Amino acid sequence: MVNVTERARQALKSVQTQMVDQPDVALRLAPTEQGQLSVFPDTGRDDDHIVEHDGRAVLLIDPEVAGSLSGSTIDFEQTAEGARFTVSR
């Protein structure tokens with residue numbers, strides 16, 4: 001299971017609101033062809049790991065990614081370089 005902090009859920013909701021105005025579209029975390037992770041608007045699939053905030057899906061995690069990140073925590077932090085999401089074990 002991938003854990004997502006409340007701070008990250010709030011940040012995802014903010015990003016989602018800026019990118020998408022359709023209630024059935026959330027942000028998807030999925031691998032790119034280069035092996036990196038990407039976040040983009042998408043609709044849910046039956047096998048997704050779904051992260052909710054205030055009763056609405058804000059992050060859809062591809063099953064392959066969910067398996068790779070199992071036991072990890074996604075957080076959001078403000079640094080001198082700017083805001084960013086982090087993944088830690």
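Please read these numbers as outputs of a predicted model, since none were measured by experiment. What you see below is based on every heavy atom in this structure, not just the backbone, and it leaves out hydrogens, waters and symmetry mates.
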Residues in salt bridge (charged side-chain N to carboxylate O under 4.0 Å, His left out) contact with R28, at least two apart in sequence or another chain: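 Partners of R28 by the salt bridge (charged side-chain N to carboxylate O under 4.0 Å, His left out) criterion, ordered by chain and then number, come out as D42, D48.
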
Go through the structure and list residues passing salt bridge (charged side-chain N to carboxylate O under 4.0 Å, His left out) with E52, not counting sequence neighbours.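 For E52 there are no salt bridge (charged side-chain N to carboxylate O under 4.0 Å, His left out) partners, ignoring immediate neighbours.
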
For [Y], is there any backbone N or O sitting under 3.5 Å from a side-chain donor or acceptor partner on [X]?
{"X": "Q22", "Y": "T43", "value": "no"}
{"X": "S14", "Y": "Q10", "value": "no"}
{"X": "Q16", "Y": "L59", "value": "no"}
{"X": "R9", "Y": "V4", "value": "yes"}

Rounded to the nearest 0.5 Å, how far does [atom2] of [Y] lie from [atom1] of [X]?
{"X": "L69", "Y": "E64", "atom1": "CG", "atom2": "CD", "answer": "10.5 Å"}
{"X": "R56", "Y": "T17", "atom1": "CZ", "atom2": "OG1", "answer": "6.0 Å"}
{"X": "K13", "Y": "L27", "atom1": "NZ", "atom2": "CG", "answer": "10.5 Å"}
{"X": "H49", "Y": "L60", "atom1": "NE2", "atom2": "CG", "answer": "10.0 Å"}
{"X": "E6", "Y": "F76", "atom1": "CD", "atom2": "CZ", "answer": "13.5 Å"}
{"X": "M1", "Y": "T73", "atom1": "CE", "atom2": "OG1", "answer": "9.5 Å"}

Could you pull out the closest heavy-atom pair between [X] and [Y], with the gap in Å?
{"X": "R89", "Y": "S72", "value": "CG-OG, 3.3 Å"}
{"X": "A57", "Y": "I50", "value": "CB-CG2, 3.7 Å"}
{"X": "V65", "Y": "A30", "value": "CG2-CA, 3.9 Å"}
{"X": "V2", "Y": "A66", "value": "CG2-O, 3.9 Å"}
{"X": "S38", "Y": "T32", "value": "CB-CG2, 3.4 Å"}

### Query
Between T79 and E81, does a side chain to side chain donor-acceptor pair (under 3.5 Å) hold up when you go through it step by step?
CA-CA 5 Å; T79 66; E81 294 83 30; 3.3 Å; yes

Original post:
Quick one: does S88's side chain get under 4.5 Å of D75's, heavy atoms only?
Top reply: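 The answer is no; the side chains never approach within 4.5 Å.
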
If we only count heavy atoms from C-beta on, is the L29 to I74 side-chain gap below 4.5 Å?
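Yes. Closest side-chain heavy atoms under 4.5 Å.
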
Can V87 be reached from I61 by stepping across I, L, V, M, F, W or Y side chains whose heavy atoms are under 4.5 Å apart?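 Yes; tracing contacts between hydrophobic side chains, which count when under 4.5 Å, links both residues.
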
Give a yes or no on whether V39 and M19 share a hydrophobic cluster (residues Ile, Leu, Val, Met, Phe, Trp, Tyr; joining criterion: side-chain heavy atoms under 4.5 Å apart).
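Linked, V39 and M19 end up in one cluster.
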
